[in-house]
Engineer: 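Before I ask anything, let me first share the structure, which is written out below as structure tokens.
Every chain is numbered from 1, with letters handed out A, B, ... down the list of sequences.
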There are 2 protein chains.
Amino acid sequence: MDIREGKEKFIESWGKMASDWGINRTMAQVHALLLIAPEAICSDQVMEDLNISRGNANMNLRALMDWGLVHKQLKAGERKEYFYAEKDMWIVIRQIILQRKRKELEPMLKVLDEVAAVEASCPESESFTKVVRDIQVFSHKANQTLDALVKADSNWFTSVFLRMVK
Amino acid sequence: MDIREGKEKFIESWGKMASDWGINRTMAQVHALLLIAPEAICSDQVMEDLNISRGNANMNLRALMDWGLVHKQLKAGERKEYFYAEKDMWIVIRQIILQRKRKELEPMLKVLDEVAAVEASCPESESFTKVVRDIQVFSHKANQTLDALVKADSNWFTSVFLRMVK
DNA sequence: TTTTGTTTTCAAAAATAATTGAAAGCAGTG
DNA sequence: CACTGCTTTCAATTATTTTTGAAAACAAAA
């Protein structure tokens, strides 16, 4: 496999994985492209490399900046904007966890708290309350774990990882 | 909030969370319905409670069985099939991790291994190889961690959780 | 101010995913 | 065998998501 083929495969695969996990495929492909780029690139480059429209490129670059995974770079004397991705994988993962925790886990927790408060009056509702409370406990644990992860640095993660697999 | 409202909210919310994570919303709603059901229910019940067609109910019940989250129950003297969900949250989570690991993480690992083997011949390709290898290391660690998680029992998880948040 | 190079927006179109429902399949029963 | 009650399938429809591209907005330069 040569380098061009490798890049293509990586971009395609990163996009596939993202869409499996409910993230826009093209957004992930733009991310992949920037991750492996040796330096910042402009939107025309993104459009050309991925064969997407200007609007699409713009939207996804914006979204990636919102996620805190990509940053803008202005070159002196140039009007065009350039973009580069955060390449420290630990920071990337942290950022993704942080965003998804906020957007998806926490709203669910809120609902669970509300719903778990329902009085298990009749025996028919006991099953409901039981399951909901189990999920509630579990989710709160997961949330706390992610909080710890997000606060921690890369070495801490590695040490926890080692303890886990041991 | 009364019990009926609570159930509705839980089912809706479980479906929403699932679709955020790339899982069919209706499949998750069927799952939610079975999770909180005090006993096994038949497909007509599912159709009625969720307002979905026979075909849809059937497909999603089958998918849930493929995931190992729902099981069939045959009642003596009855031709109809009944379904019930695994309610032990630890088993549920494990099953979900196992499936998604297989279907989504492992294929990605395979690609990473292939792609990371690309020779960093020119300086332009160095950036590529560097990033890919970082992701590769990270992903393999994540995979190992999930393996450990899947093999472990619930108490083990709690103890690791406690160590992590400490 | 006007021109120029660029980014942003968003309604419409295209692509993709989910759902329906009717027909076919299947297995017990009479 | 034919009937009955139920499950499964899948082509067609419907819903949802993504993408396009042209127009508008913007801002630096002339």
Engineer: Any idea which of D:dT19, D:dT7, C:dT8 is nearest the B:Lys80 side chain?
Structural biologist: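 Nearest listed nucleotide: D:dT7.
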Engineer: Let me know the distance between CG of A:Leu64 and P of C:dT7, rounded to the nearest Å.
Structural biologist: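 My rounded result for the distance is 16 Å.
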Engineer: Taking CE from B:Met59 and C1' from C:dA22, how many angstroms apart are they, rounded to a whole number?
Structural biologist: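 Spelled out: CE on B:Met59 to C1' on C:dA22 is 16 Å.
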Engineer: B:Asn24 has a side chain; which of D:dT7, C:dT20, C:dA18 sits nearest to it?
Structural biologist: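 The listed nucleotide nearest to B:Asn24's side chain is C:dA18.
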Engineer: Starting from the 5' end of DNA chain C, give me the residue, A:Arg25 or A:Asp44, whose nearest nucleotide shows up first.
Structural biologist: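 This one resolves to A:Asp44.
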Engineer: Between atom CD in B:Gln45 and atom P in D:dC6, what is the gap in whole Å?
Structural biologist: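 Distance, rounded to whole Å: 14 Å.
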Engineer: Specify the separation, in whole Å, of atom CG of A:Leu74 and atom P of C:dT6.
Structural biologist: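 The answer, rounded to whole Å, is 13 Å.
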Engineer: Return the orientation label for the B:Phe138 and A:Trp90 ring planes: parallel under 30°, perpendicular over 60°, tilted otherwise.
Structural biologist: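 Tilted.
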Engineer: Of all the choices, D:dT20, C:dT19, C:dT7, which nucleotide is nearest to the side chain of A:Asn56 once you look at every atom?
Structural biologist: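 The closest nucleotide is D:dT20.
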Engineer: Under 4.0 Å between a side-chain N or O of A:Ser43 and OP1 or OP2 of C:dT7?
Structural biologist: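 The answer is yes; a side-chain N or O of A:Ser43 sits under 4.0 Å from OP1 or OP2.
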Engineer: Show your reasoning for whether side chain to side chain contact (heavy atoms under 4.5 Å, CB included) applies to A:Arg133 and A:Gln136.
Structural biologist: CA-CA 5 Å; A:Arg133 290 191 182 156; A:Gln136 191 191 20; 4.1 Å; yes
Engineer: Would you say a side-chain N or O of B:Arg62 is under 4.0 Å from OP1 or OP2 of D:dT8?
Structural biologist: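 For D:dT8, OP1/OP2 do have a side-chain N/O of B:Arg62 under 4.0 Å.
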Engineer: Round to the nearest Å and state the distance from A:Arg54 atom CZ to C:dT6 atom P.
Structural biologist: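 One finds 9 Å between P of C:dT6 and CZ of A:Arg54, rounded.
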Engineer: Does A:Lys151 count as lying over the ring of A:Trp156, i.e. NZ or CZ under 6.0 Å from the six-ring centre, within 45 degrees of the axis?
Structural biologist: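 No, A:Lys151 and A:Trp156 do not form such a contact.
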Engineer: Would you kindly give the CG-to-C1' distance between B:Leu61 and C:dT19, to the nearest whole Å?
Structural biologist: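 To the nearest whole Å, that distance equals 15 Å.
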Engineer: So does A:Thr26 get a side-chain nitrogen or oxygen closer than 4.0 Å to the phosphate oxygens (OP1/OP2) of D:dT18?
Structural biologist: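 The answer is no; no side-chain N or O of A:Thr26 sits under 4.0 Å from OP1 or OP2.
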Engineer: The side chain of A:Ser53 is closest to which nucleotide in this list: C:dT20, C:dT19, D:dT19?
Structural biologist: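 Per side-chain heavy atoms of A:Ser53, the pick is D:dT19.
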Engineer: Given atom CE of A:Met27 and atom P of D:dT19, what is their separation to the nearest angstrom?
Structural biologist: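 So the CE-P distance, A:Met27 to D:dT19, works out to 12 Å.
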Engineer: Looking at D:dT19, C:dT8, D:dT7, which one has an atom nearest to any side-chain atom of A:Asn60?
Structural biologist: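 Between D:dT19, C:dT8, D:dT7, the one nearest the side chain of A:Asn60 would be D:dT19.
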Engineer: Output yes when a side-chain donor or acceptor of A:Arg25 lies under 3.5 Å from a complementary backbone atom of A:Gly15, and no otherwise.
Structural biologist: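 Side chain of A:Arg25 to backbone of A:Gly15, a donor-acceptor pair under 3.5 Å: no, none is there.
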Engineer: For B:Asn58 and for A:Arg79, locate the closest nucleotide of DNA chain D by heavy-atom distance; then report the residue assigned to the nucleotide nearer the 5' terminus.
Structural biologist: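 It is B:Asn58 whose nearest nucleotide is closer to the 5' end.
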Engineer: Starting at the 5' end of DNA chain C and moving along, which residue's nearest nucleotide shows up first, B:Ile23 or B:Gly55?
Structural biologist: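 Comparing both residues, the 5'-ward one is B:Ile23.
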Engineer: Do any N or O atoms from the side chain of B:Ser125 and from the backbone of B:Phe128 form a donor-acceptor pair under 3.5 angstrom?
Structural biologist: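 No, because the side chain of B:Ser125 does not come within donor-acceptor range (under 3.5 Å) of the backbone of B:Phe128.
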Engineer: Please report the distance, rounded to the nearest Å, between CZ in B:Phe83 and P in D:dT8.
Structural biologist: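 Taking atom P of D:dT8 as the reference, CZ of B:Phe83 is at 7 Å.
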